[in-house]
Protein chains: 2
Amino acid sequence: MSQERPESPESPESEGAPRRRRADAVRNAEAVRAAAKQVFAESGVDAPMREIAARAGVGVGTVYRSYPLRSDLIIAVFRHELEATAQDARALADEHPPREALRLWTRSLARFLATKRGFATALHSGDPAYAPLPAQFLGVLAPEVQRILDLGAADGTMRRDIRAEDLIPALGRLSDAGPADGTDADASRMIDVLLDGLAAR
Amino acid sequence: MSQERPESPESPESEGAPRRRRADAVRNAEAVRAAAKQVFAESGVDAPMREIAARAGVGVGTVYRSYPLRSDLIIAVFRHELEATAQDARALADEHPPREALRLWTRSLARFLATKRGFATALHSGDPAYAPLPAQFLGVLAPEVQRILDLGAADGTMRRDIRAEDLIPALGRLSDAGPADGTDADASRMIDVLLDGLAAR
DNA sequence: TGACAAACCGGAACACCGTTCCGCATAGTT
DNA sequence: AACTATGCGGAACGGTGTTCCGGTTTGTCA
């Protein structure tokens, strides 16, 4: 029971006790996350911070306190779905040969990106507010996708010199195309071409 | 000589005589274009309008009068280099077999994009200020690149179901990757994969 | 319980930026 | 020289990200 005391850190080595966050702070952080989810769905991930704050019944300062970077808020909102997409890769790898698993997974990825307005664009925008996004995105997806690539390399159906860290950003960029591009190219067709290029020669 | 009169339109059918622009207006438009070229090189194509105006020794209103959309200014600044890139496609098609010509041309395109800071990103940003950019971009490049694709289809080395209008945006997106992505993937490698996928099966 | 310090809050304030608008200046014409 | 329409400058407006601080709330300790 005495373990509950904030002053008794589990890890004695850590510098200074990281006093527990106040209850109202966590409440507000969650309210902001929920509000952001709504607003992102309606107006995209680049919606004004003020609107998110207003929707959460909170001041803008509070938003920035819990989520200093816009990307922190985006990750918090989409983390679950992002991890689900990663699990799709794992499941598909178990049920299909590698090439087919990868092809099907690109659909899953495209679905994820298509339903998060502005996410794909933010991913390669270069905007500092989104800077940590690509790495976090990759961090979740790459391990599972790499597993498919490894299987494909092992059974000789895929080339071995492309890693998930290269492939996923490329897929993300190609997925972002489509009607909103101004040119009505079909995104999935170019993705299929890319996957064909991934086949072992 | 009487032909010089503004009141004598060459095409009688057109509605109203399009009075010639004033001399100071063309001077200013050119000064703005030159200033924009400098500023774009230093700060990217999304540099503040005010800075371009200041550099040109002109008010912001004057910038908007000659170039209502940001994309108008961008096109004006890069038109020559863009057309040179299109000519590269023509030249390469004459000197190499189609697949090799296309491979070399992607390098030319990547060079073009790499030296125009922010251009590639603007191309697929969805920002209304850049809306006409993709179409103008394609309008210049597509005819020459399509020629390569046609040659490749004719000699049986390339698949026939991909058109330049689909391929070029994809190449543009993949070229935009690289170190600035946050992930240090090598853009040219994924482009090579895409080109491999373009080979006839 | 009451008091106190640390943590936290709200939102005004500041710094930019794109874009518009209009009184004034000037080029071109008669 | 006088006149007109064309063009000019830059103030002004609306919107946005981000910071900052006086005041409030929470958790703790006596």
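Treat the numbers as computed from the prediction; the structure is a model and nothing was measured. Lettering follows sequence order; numbering is per chain, from 1. The figures that follow rest on heavy atoms only: side chains count, while hydrogens, waters and symmetry mates do not.
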Given [options], which nucleotide is nearest the side-chain atoms of [X]?
X: T62(A); options: dA7(C), dC9(C), dC17(C); value: dC9(C)
X: R22(A); options: dT26(D), dG17(D), dG10(C); value: dT26(D)
X: V60(B); options: dG17(D), dG7(D), dG10(D); value: dG10(D)
X: R50(A); options: dA13(C), dG18(C), dC8(D); value: dA13(C)
X: A25(B); options: dC8(C), dG18(C), dC8(D); value: dC8(D)

Heavy-atom pair of closest approach, residues V26(B) and A23(B): CG2-O, 2.9 Å
Nearest non-hydrogen partners of E165(B) and A142(B), listed with the distance: OE2-CB, 3.7 Å
Nearest-nucleotide wise, let me know which of A29(B) and A129(A) is further upstream toward the 5' end of DNA chain D. A29(B)
Result for 5'-nearest mapping on DNA chain D, choosing between M49(A) and G61(A), is M49(A)
Rounded to the nearest angstrom, tell me the gap between atom [atom1] in [X] and atom [atom2] in [N].
X: R27(A); N: dT25(D); atom1: CZ; atom2: C1'; answer: 10 Å
X: E30(B); N: dG7(D); atom1: CD; atom2: P; answer: 17 Å
X: L73(A); N: dT18(D); atom1: CG; atom2: C1'; answer: 15 Å
X: I52(B); N: dG9(D); atom1: CD1; atom2: C1'; answer: 17 Å
X: Y64(B); N: dA12(D); atom1: OH; atom2: C1'; answer: 14 Å
X: R65(A); N: dG11(C); atom1: CZ; atom2: C1'; answer: 11 Å

Regarding R103(B) and D196(B), does a basic nitrogen lie under 4.0 Å from an acidic carboxylate oxygen? no
Salt bridge or not between R173(A) and D166(A)? Use side-chain N to carboxylate O under 4.0 Å. no
Using only modelled atom types and a 3.5 angstrom limit, is any donor from either the side chain of R20(A) or the base of dG27(D) paired with an acceptor on the other? no
Have a look at A23(A) and say if it touches a base, only the backbone sugar-phosphate, or nothing, with a 4.0 Å heavy-atom cut-off. sugar-phosphate
For a 4.5 angstrom cut-off between non-hydrogen side-chain atoms, does D155(B) reach P98(B)? yes
